[in-house]
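Predicted, not measured: the structure shown is a model, and the values here were computed from it. Chain identifiers are assigned alphabetically (A, B, ...) following the order of the sequence lines, protein sequences preceding nucleic acid strands; residue numbering begins at 1 within each chain.
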Amino acid sequence: MSGADEHAPSSYVVGIDLGTTHSALSYVDADLSEGDAIASWDQELPQLVAPGQVDARALLPSFLYLPHASEFTDADRTLPWTEATANPYIVGEFARTQGAKAPGRLVASAKSWLCHSGIDRRGAVLPVDAPAEVQRISPLEATVAYLGHLRSAWDRDHPDAPLAQQEVTLAVPASFDPAARELTAEAAMRAGLERVVLLEEPQAALYAWIARSEGAWRRDVSVGDVILVVDVGGGTTDFSLISVRESGGSLALERVAVGEHILLGGDNMDLALAHLVRQKLEAEGKSLDAWQLVALAHGCRAAKEALLSEDAPESVPVVVPSRGSKLVASSLRTELTRAEVTRVVLDGFFPKVEASARPAQRPRAGLTQLGLPYAQDAAVTRHLAAFLARQANTTPGNTTFARPTAVLFNGGVVKSTLLRTRVLEVLGAWLSGVGAPLPRELPGADLDLAVARGAAYHAYTRRGGGIRIRGGTARAYYVGVESAMPAVPGLEPPIRALCVAPFGMEEGASAALLAEDLGLVVGEPVRFRFFGSSVRRDDTVGTVLDRWADGELEELAELEAELPTSGRTPGEVVTVRLQATVSEVGVLELDALPREGAERWKLSLDVRHDVS
Amino acid sequence: MAEQSLSFVSRFVLAYIAFFKILFDGVFAARVEAARGEAHAPDVPALQLSNPQLPKASPPPRLREAPTDAALQLLALLQREGRFIDFVQEDVSAASDAEIGAAARVVHDGCARALKEHLELSAVRSEDEESRVTVDAGFASLGVRVTGNVRGEPPFTGTLRHRGWRAQNVRLPQIAEGHDVSVLAPAEVEL
């Protein structure tokens, strides 16, 4: 590392929440913290809120706007740091409000695109609907822009401790695949953050709960508890199971399972309500344009929060402001009733279902538009049932699903008491059906900032303070090798999956060398199919799977390798073995080692896959 | 200011020099004039200061122009978040109460959000309105005004009619150099 290590470590450790809809940065002063008493702060994030106006907020909306050359003057885009006007984009609150009025120039949900295997994630593809003249950017660049903004805000307030040299924990969804993790780490490097470690978001939420309790968490859980983290953010839903164990006489936490990537969140709920209200207005002969629908979704969010609280009113008025200056004459007013919100949000997104329920999978139409792979089933509870069933073997007892004993909620949506109660109710029904005790709710932290604060606490534990959640990688990984068999027309040769990385590899650990010899052709690109499994936790390196159950293995981005020709003749077949390593950052790396010689060639995850 | 008296001879010499200097050096003369005014100030009874009819013997408490930038900025903020200007500029005489009520929700929600974000408001007096309260001497500088039958000497006891509002903290967005704050809301042209 270039010079960073020569500096005396500062007393700060930093946590970053790079959310789908909002980003935040929190930090802990390790010198002022002692044991359970943590001295932590949230970084103020100056951002454009209107042309020429900069305001400091706790959250940076993860939106990026690509303005037209004549849209704003340089003065309009001034930020407290000088280099900002050089950027061809605007980030934060103003990007979001302006983007609602000119959606063709708005980049949103870059994080979800970063995890989308159907696109070239380094390619300039966003915004998807941009007019041809707009200089599009890649999901990676958008991520660099958000991190760069956080860095500038930090550096301005801490000139003696630039973020580049701080120990930073960056939270990513637990369901991120190795390629998305690698891209996030790369974005951090490109934003100038040199000392980054990745952490799963649900773990960050649990760390925030630990930090906030100032030690009292040890009374709230005991050995044998299994904590289910339900993280429903603006755009994604993430589940994790964390078990409470005993280690050397004290409590230890271990993350035992993570869920799949589910693109389903609070924004979907607001939009569902907005469409309902739009139908009501259209029935009265009033029509809405796209901007008004966005305004309506905002209004519905507020109404939803009011109607899903305890002792909620029967109905809440929703007003869609006029676009023109005649506010009184042209605004549209309607009402959202408690029954409607209950039907759409509570029963639509959190229906009471059996433990055996599974999310519906509609086959996608042959020609789909380039878009995010949104969850096809909107029911969070059905996704939860599927997750617990898949992870049945993580908890003791012979059941068809894992049995959590406590629930920690995270994310803006679950601020609503009724939603939390509904999840607990549904889960409770499943558990009492098998004679297990009802789950209890762990008191959550500030749901908007919990992930950033938890990440900062994690960075603090890496300095030796506080308690660490153990876990390592959340999946076992496999390379696909075609079986040698006579070609049969119309039949793909069957594939075998060889385990290269077992479940639960910690940062900095290397897996054993895969004993199987693989032949690579010098000078020719070679591709391997690559799989992950979040359920096969006992496979070791070299385990061979000839067949696997549906959903047991998930196909990930392909691995590519191109052997350098130096010292070899092109076309020559070299016998190699594979070895997996998890870097200090938390990124999975695969190397090919020739049988002879001490070389190591890195295999890269193909993130340039284009939609076919 | 440390005042030191000069001897008669020194004063005489100084007066002689000063006479010509004042006569021929306008800048010096102006400074002497200013020094005279300053020396006078403590001698003027305080009462005269507040009486604009009396000749100006010394600088009275000045009235200053309030900076307009922050006012315009706050207005723009209320318009952006809560459509405040649209609302008060519209002719509502023909509108129904239901229409005004619907629009008022937009204004109320938005302006409340803007105020919450940028001002920290608190009541001047924490007691319940309509309760009996006592105000001590010096209340005027504490943001309390007495009304009704005002006589005698404080402390006064009376009924709290309004709790008052105080901005504990104002935090407006920073403005870029050269930004035109007089545009409270830009005209929008959809292409």
Side-chain angles (χ1 to χ4, degrees), chain A residues 44 46-58 68 71-80 82 84-85 93-94 97-98 100-105 131 289-291 295-296 298-299 301-303 306 316-335, chain B residues 69-70 72-114 116-118 170-191:
Chain A
E44 286 207 323
Q47 55 196 285
L48 280 179
V49 293
Q53 303 209 30
V54 172
D55 199 11
R57 305 270 170 98
H68 187 276
E71 216 173 335
F72 304 107
T73 65
D74 275 357
D76 283 343
R77 300 179 41 199
T78 311
L79 280 172
T82 47
T85 42
E93 176 62 33
F94 183 55
T97 50
Q98 178 62 25
K101 294 173 180 172
R105 293 177 172 272
D289 67 11
W291 177 83
L296 180 58
H298 279 286
R301 176 175 314 157
V316 165
V318 177
V319 180
V320 187
S322 64
R323 282 205 78 168
S325 63
K326 297 278 175 266
L327 185 68
V328 176
S330 319
S331 290
L332 304 175
R333 181 192 185 278
T334 183
E335 281 189 348
Chain B
D69 277 14
L72 292 174
Q73 203 192 353
L74 186 63
L75 265 181
L77 203 72
L78 294 175
Q79 163 68 13
R80 196 164 67 230
E81 298 285 334
R83 308 286 296 270
F84 179 75
I85 302 173
D86 288 345
F87 184 64
V88 293
Q89 285 296 100
E90 194 169 350
D91 178 11
V92 297
S93 48
S96 70
D97 283 2
E99 284 173 324
I100 296 175
R105 286 191 184 278
V106 175
V107 179
H108 182 269
D109 287 356
C111 291
R113 188 168 57 238
K116 189 168 168 240
E117 181 78 31
H118 298 283
V170 185
R171 212 180 48 96
L172 288 175
Q174 293 175 296
I175 313 179
E177 205 78 56
H179 176 72
D180 182 3
V181 285
S182 69
V183 178
L184 299 174
E188 267 182 37
V189 181
E190 189 157 286
L191 307 179

### Query
Between Asp86(B), Asp91(B), Val92(B), which is the residue that forms a side chain to side chain contact (heavy atoms under 4.5 Å, CB included) with Val328(A)?
Val92(B)
### Task
Counting only heavy atoms closer than 4.5 Å, note whether Val181(B) contacts chain A via side chain, backbone, both or neither.
neither
#### Entry: Pro321(A) to Val106(B) - nearest heavy-atom pair and separation
CB-CG1, 4.1 Å
### Query
Can you tell me if CZ on Phe87(B) sees more than 12 non-hydrogen neighbours from other groups inside 6.0 Å?
yes
### Task
Work out which heavy atom in Glu90(B) is nearest to a heavy atom in Leu327(A); give both atom names and the distance.
OE1-N, 2.8 Å
### Query
Tell me, do Gln89(B) and Ser325(A) make a side-chain contact under 4.5 Å, heavy atoms counted?
no
### Nearest-0.5 Å distance, CG of residue Leu77(B) to CG of residue Asp55(A)
8.0 Å
### Task
For residues Gln53(A) and Gln73(B), report the shortest heavy-atom separation together with the two atoms involved.
OE1-NE2, 3.1 Å
### Task
Mind checking the OG-CZ spacing from Ser331(A) to Arg105(B)? Nearest 0.5 Å is all I need.
12.5 Å
### Stepwise side-chain contact (heavy atoms from CB on, under 4.5 Å) test for Arg80(B) and Val49(A)
CA-CA 10 Å; Arg80(B) 196 164 67 230; Val49(A) 293; 3.8 Å; yes
### Query
Do His179(B) and Thr78(A) pass the side-chain contact (heavy atoms from CB on, under 4.5 Å) test, and can you show the C-alpha distance, the side-chain angles, and the key distance before you say yes or no?
CA-CA 10 Å; His179(B) 176 72; Thr78(A) 311; over 6 Å; no
#### Entry: Minimum heavy-atom distance between Ala176(B) and Ala75(A), given as atom pair plus value
CB-O, 3.1 Å
### Task
Would you mind checking which part of Arg57(A) comes under 4.5 Å of any heavy atom in chain B, side chain (CB onward), backbone (N, CA, C, O), both or neither?
side chain
#### Entry: Pairs of heavy atoms under 4.5 Å with chain B: top-ranked of Val318(A), Val319(A), Asp76(A)
Val319(A)
### Message
Report, in residue-number order, which members of residues 183-191 of chain B are under 4.5 Å from chain A by heavy-atom distance.
### Response
Glu188(B), Glu190(B)
### Query
Checking Ala56(A) against chain B: side chain, backbone, both or neither under 4.5 Å from a heavy atom?
both
### Message
Heavy-atom cut-off 4.5 Å, strictly under: side chain, backbone, both or neither for Ser322(A) against chain B?
### Response
both
